[in-house]
Protein chains: 2
Amino acid sequence: MTRKRFDEMGCSVACALNEVGDWWSLLVVKQAMLGTRRFVDFQHNLGIAKNILCNRLSRLVDNGVMVRVDVGEHGKRYEYRLTDKGRDLFTVVTALRQWSERWNGEKDTMQLVDRQSGEPLAPVTVQNQQGQPLTVRDVRFVDEDGKPLEEAG
Amino acid sequence: MTRKRFDEMGCSVACALNEVGDWWSLLVVKQAMLGTRRFVDFQHNLGIAKNILCNRLSRLVDNGVMVRVDVGEHGKRYEYRLTDKGRDLFTVVTALRQWSERWNGEKDTMQLVDRQSGEPLAPVTVQNQQGQPLTVRDVRFVDEDGKPLEEAG
DNA sequence: CCAGAAAGGTTGCATAACGAAACCAAATAA
DNA sequence: TTATTTGGTTTCGTTATGCAACCTTTCTGG
């Protein structure tokens with residue numbers, strides 16, 4: 001019995017979850033955003049089992065989220081770094097972090113600030129073209145022809 | 001061997017993933033945002049096994065992301081609806097959707113538009129207090145005292 | 001009212017994912 | 001040279017997942 005495949009459901013959310021939807025992948029990406037690059041550092045900072053970490057890094061590399069860079073003199077020392085695709089997950093990770101802090105309280109000692117001003121970040125929001133924030137009730141789901149979807153039932 | 005617990009790692013991202021970090025939870029939430037409320041509708045629209053769906057809905061209710069509302073005349077017909085906490089995941093789901101569309105191409109027939117103007121949404125971004133978009137390189141990670149973190153190693 | 005279908009689960013079983021620890025080869029440090 | 005670090009793989013036991021069958025209560029058609 002293989003896990004349900006999410007990349008053929010015709011849903012981009014499912015497709016994204018197929019790549020980073022397991023328990024560990026986004027945490028590895030988040031850790032990489034903090035500057036971690038070496039296998040052992042991921043292992044110690046996350047408290048993840050070695051085989052799982054090995055598997056996750058391989059999957060992230062296969063999916064183009066990270067790259068394995070050879071930094072050894074004779075080729076047996078590696079670094080794992082984010083690609084542009086991986087760095088682009090910053091929005092997702094930050095939205096998730098803020099959501100957790102809003103609803104579960106401040107459980108994180110770490111804070112993110114604007115490097116230039118030193119001020120904390122603004123809450124991540126969905127916005128329209130004019131930059132006004134939108135809730136899920138302010139949007140409509142339409143198909144490719146622009147017709148509204150009624151797929152509740 | 002129980003799964004690694006993410007809610008005691010001192011990381012709000014991990015804490016969030018502890019609640020919605022499995023393969024299915026965010027898809028259930030996304031489906032609820034489309035208007036789905038009934039057990040069988042989730043089942044058919046997602047193609048999820050009944051016991052898994054049952055388990056996920058229970059977990060989402062336990063975590064305050066959804067509520068089970070009794071809609072039967074004599075109490076055996078239910079609806080599952082998003083709470084405010086659940087609706088607040090709209091940002092996360094939308095960021096994930098847009099990320100997937102940017103990097104994996106348009107695999108979704110569905111589009112989100114502003115209900116008022118009918119225009120497509122703006123890309124979700126992390127912003128500073130002035131509303132200027134920030135990448136991961138534009139931010140600094142600091143501890144509670146404002147001192148920069150150097151936890152790469 | 002009665003038969004059948006539908007809603008919302010639960011249970012059993014087989015397979016896949018996961019975690020901890022042991023083991024291992026190459027490269028580096030002492 | 002020996003010890004240690006790095007980046008894994010293997011083994012084994014537990015947990016998660018998928019599928020199908022079953023079960024109870026509630027609608028629905030006649």
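These values consider heavy atoms only, across backbone and side chains, with no hydrogens, waters or symmetry-generated copies.
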Using heavy-atom distances to pick each residue's nearest nucleotide on DNA chain D, tell me which of B:Ala49 and A:Gln43 is more 5'.
A:Gln43
Evaluate salt bridge (Lys or Arg N to Asp or Glu O under 4.0 Å) for A:Arg56 paired with A:Asp22, printing each intermediate quantity in order.
CA-CA 9 Å; A:Arg56 286 304 168 277; A:Asp22 65 302; 2.2 Å; yes
When the distance from [atom1] of [X] to [atom2] of [N] is rounded to whole Å, what number comes out?
X: B:Arg5; N: C:dA20; atom1: CZ; atom2: C1'; answer: 18 Å
X: B:Phe42; N: C:dG9; atom1: CZ; atom2: P; answer: 12 Å
X: B:Arg3; N: C:dA16; atom1: CZ; atom2: C1'; answer: 16 Å
X: A:Met9; N: D:dG18; atom1: CE; atom2: P; answer: 11 Å
X: B:Asn51; N: C:dC13; atom1: CG; atom2: P; answer: 15 Å
X: A:Ile52; N: D:dT15; atom1: CD1; atom2: P; answer: 15 Å
X: B:Asp70; N: C:dA7; atom1: CG; atom2: P; answer: 16 Å

Check whether [X] reaches the backbone of [Y] with its side chain - one donor and one acceptor, N or O, closer than 3.5 Å.
X: B:Trp103; Y: A:Asp88; result: no
X: B:Ser100; Y: A:Ser12; result: yes
X: B:Thr36; Y: B:Ala32; result: no

Pair B:Asn18, B:Arg3: side-chain N/O donor-acceptor within cut-off below 3.5 Å:
yes
Report yes if some heavy atom in the side chain of A:Arg87 is under 4.5 Å from a heavy atom in the side chain of B:Thr135; otherwise report no.
no
Flag the pair A:Pro123 / B:Gln127 as yes when at least one side-chain heavy-atom distance between them is below 4.5 Å, and no otherwise.
no
Ring centre gap for A:Phe6 and B:Trp24 strictly below 6.0 Å
yes
Nearest 0.5 Å, please: how far is CG in A:Leu134 from CD in B:Gln116?
8.5 Å
If the sugar-phosphate is the primed atoms plus P, OP1 and OP2 and the base is the rest, what is the B/S/- string for nucleotides 1-6 of chain D, using protein heavy atoms under 4.0 Å?
-----S
Contacting residues from residues 19-28 of chain A, given that a heavy atom lies under 4.0 angstrom of DNA chain D
none
Under a 4.0 Å heavy-atom cut-off, which of residues 53-68 of chain A touch DNA chain C?
A:Arg56
Take the angle between the ring planes of B:Phe39 and B:Tyr80 and call it parallel below 30°, perpendicular above 60°, tilted in between.
tilted
At under 4.0 Å, does any side-chain N or O of A:Tyr80 touch on OP1 or OP2 of D:dG8?
yes
Starting from the C-alpha separation in whole Å, work towards a yes-or-no answer on salt bridge (Lys or Arg N to Asp or Glu O under 4.0 Å) for A:Asp108 and A:Arg97.
CA-CA 9 Å; A:Asp108 203 327; A:Arg97 178 193 307 278; 3.3 Å; yes
